[in-house]
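A quick write-up on the structure given underneath.
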2 protein chains.
Amino acid sequence: MTTTPVPDDDFLRLDQQICFSLNAASRAFGSLYRVVLKDLGLTYPQYLVMLVLWEHGDLPVKKVGEHLRLDSGTLSPLLKRLETASLVRRERSALDERSVLVGLTGEGTALRERALRVPRRIAAATGFELAEIEDLRTRLDRLTGALDAAALEETPGSG
Amino acid sequence: MTTTPVPDDDFLRLDQQICFSLNAASRAFGSLYRVVLKDLGLTYPQYLVMLVLWEHGDLPVKKVGEHLRLDSGTLSPLLKRLETASLVRRERSALDERSVLVGLTGEGTALRERALRVPRRIAAATGFELAEIEDLRTRLDRLTGALDAAALEETPGSG
DNA sequence: CGTCATTTAGTTGTGCACAATTTAATTGTG
DNA sequence: CACAATTAAATTGTGCACAACTAAATGACG
């Protein structure tokens, strides 16, 4: 399992840097998206929500959160801002009054056309081959899975 | 999924997922650190600042920011919280009154002992071999470099 | 020397992430 | 049916990231 025979200092330094590298890369993406998304009037998290809606159509807040691993504490104010921007509509479900359905407005649907240009610019900015991106993505998802599993073990009460 | 067609949709989906995977991995690390750092009374960004100080000793805010790629807008309140927690001291430099030197208190120095346990737990949680972590880190740093360079081109006015 | 540009921190405002709590609706069980 | 447990959103509060701005000190240059 974790029996890798390595001195403490190496262990320490290495693991420090993987999370730091990850954090730095994530923030670098954030900066780039901020620039690219600016004339769409979207932040990066808002863009992710729009991607989910463009792909899946109307969804309850809960489902949007499952796609993005976000809870209502993050989504409620974010969706309110998207609603203020006339990109989405929110309405209580008739079948289950607890649920709030998020749907695209005409404006929100129309925005997709302009958003199509975004991914290409981002991908180009990485300078990575598609295969390499794919490979990196696979590793990252595996890492996330491992971390999630470990987090559950760290807090057995909440799992 | 083939690599032959490059319609916008494929392109879109792929690049969407690399940044999303990155974001997810970064947040998964955040969750794990939150748990592990809880009994040190540190958040993850605070932990990074402490790592810098433990490694380099007293530094002006500017230098801390360079190590972590953070500006005073983020660091000032963060350092104020660390000061409130009696982990660091801040004082104006005598040589350059613009500069504020951040230094460890006895308590801050002592905390290092307890922090030594942290990296091991994190590294173990990834379940990755060291070589694999190293490889991933290299790729991420390369990605960050490419994104930074691209960001500069996107905003030529600031470069 | 005086003036202006630069540098360093700090402040303000916006938005996201997340924990904890609240409210309301639904479901399960006796 | 009544009532406890569960579920979905929203709210509250804390902290981080970042842009834009301010204030104060320093440096450059005529």
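Below, all heavy atoms of this structure are taken into account, side chains as well, without hydrogens, waters or symmetry copies. In what follows, chains are A, B, ... by sequence order, proteins preceding strands, each numbered from 1.
- Residue A:Val61 comes nearest to A:Leu79 through the heavy atom pair CG2-CD1, 3.8 Å, listed as atom of the first residue, atom of the second, then distance.
- In this structure, CG of A:Leu22 is placed 16 Å from C1' of D:dA17, rounded to the nearest angstrom.
- The CG atom of A:Leu82 sits 13 Å away from the P atom of D:dA10 (whole-angstrom rounding).
- The separation between B:Leu48 atom CG and D:dG15 atom C1' is 14 Å, rounded to whole Å.
- Atom CG of A:Leu75 is separated from atom P of C:dA17 by 8 Å (rounded to the nearest Å).
- Between A:Val100 and A:Ser31, the residue anchored closer to the 5' end of DNA chain D is A:Val100, taking for each the nucleotide with the nearest heavy atom.
- Under a 3.5 Å cut-off, the side chain of B:Thr105 and the backbone N or O of B:Leu87 do form a donor-acceptor pair.
- Under the 4.5 Å side-chain criterion, counting only non-hydrogen atoms from C-beta, A:Leu140 is in contact with A:Leu22.
- In this pair, B:His67 and B:His56 present their aromatic rings parallel. The plane angle is below 30°, not in the 30 to 60° band.
- No donor-acceptor pair under 3.5 Å is formed between the side chain of B:Arg90 and the backbone N or O of B:Leu101.
- Here the C1' atom of nucleotide C:dC18 and the CG atom of A:Leu78 are 14 Å apart, to the nearest Å.
- Looking only at distances, no side-chain donor or acceptor of B:Asp135 sits under 3.5 Å from a matching main-chain atom of B:Thr138.
- Of the residues near DNA chain C, A:Pro77 and B:Lys38, the one whose nearest nucleotide (by heavy atom distance) lies more toward the 5' end is A:Pro77.
- OP1 and OP2 of D:dA25 both lie 4.0 Å or more from every side-chain N or O belonging to B:Ser99.
- Whole-Å rounding puts the A:Arg27 CZ to C:dA17 C1' distance at 15 Å.
- Atom CG of A:Leu79 is separated from atom P of C:dA17 by 12 Å (rounded to the nearest Å).
- In this structure C:dG30 sits in a base pair with D:dC1, meeting the Watson-Crick or G-U test at under 3.5 Å.
- In this structure, B:Arg142 forms a cation-pi arrangement with A:Phe128, its terminal cationic atom sitting closer than 6.0 Å to the ring centre and no more than 45° off the ring axis.
- Put simply, CD on B:Glu83 is 14 Å from P on C:dA9, counting in whole angstrom units.
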How would you summarise protein contacts on nucleotides 23-28 of chain C per nucleotide, using B for base, S for sugar-phosphate only and - for none, with heavy-atom distances below 4.0 Å? --BS--
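- Ion pairing between A:Glu83 and A:Lys80 fails under the 4.0 Å rule for side-chain N and carboxylate O.
- Between B:Lys80 and C:dT11 there is a side-chain N or O to OP1 or OP2 distance below 4.0 Å.
- At a threshold of 4.0 Å, the pair B:Asp148-B:Arg69 counts as salt-bridged, since one of the basic side-chain nitrogens sits closer than that to a carboxylate oxygen.
- Between C:dT8 and B:Arg92, no contact under 4.0 Å exists linking OP1 or OP2 to a side-chain N or O.
- Residues from residues 56-74 of chain B that place a heavy atom under 4.0 Å from any atom of DNA chain D, listed by number: B:Leu70, B:Gly73, B:Thr74.
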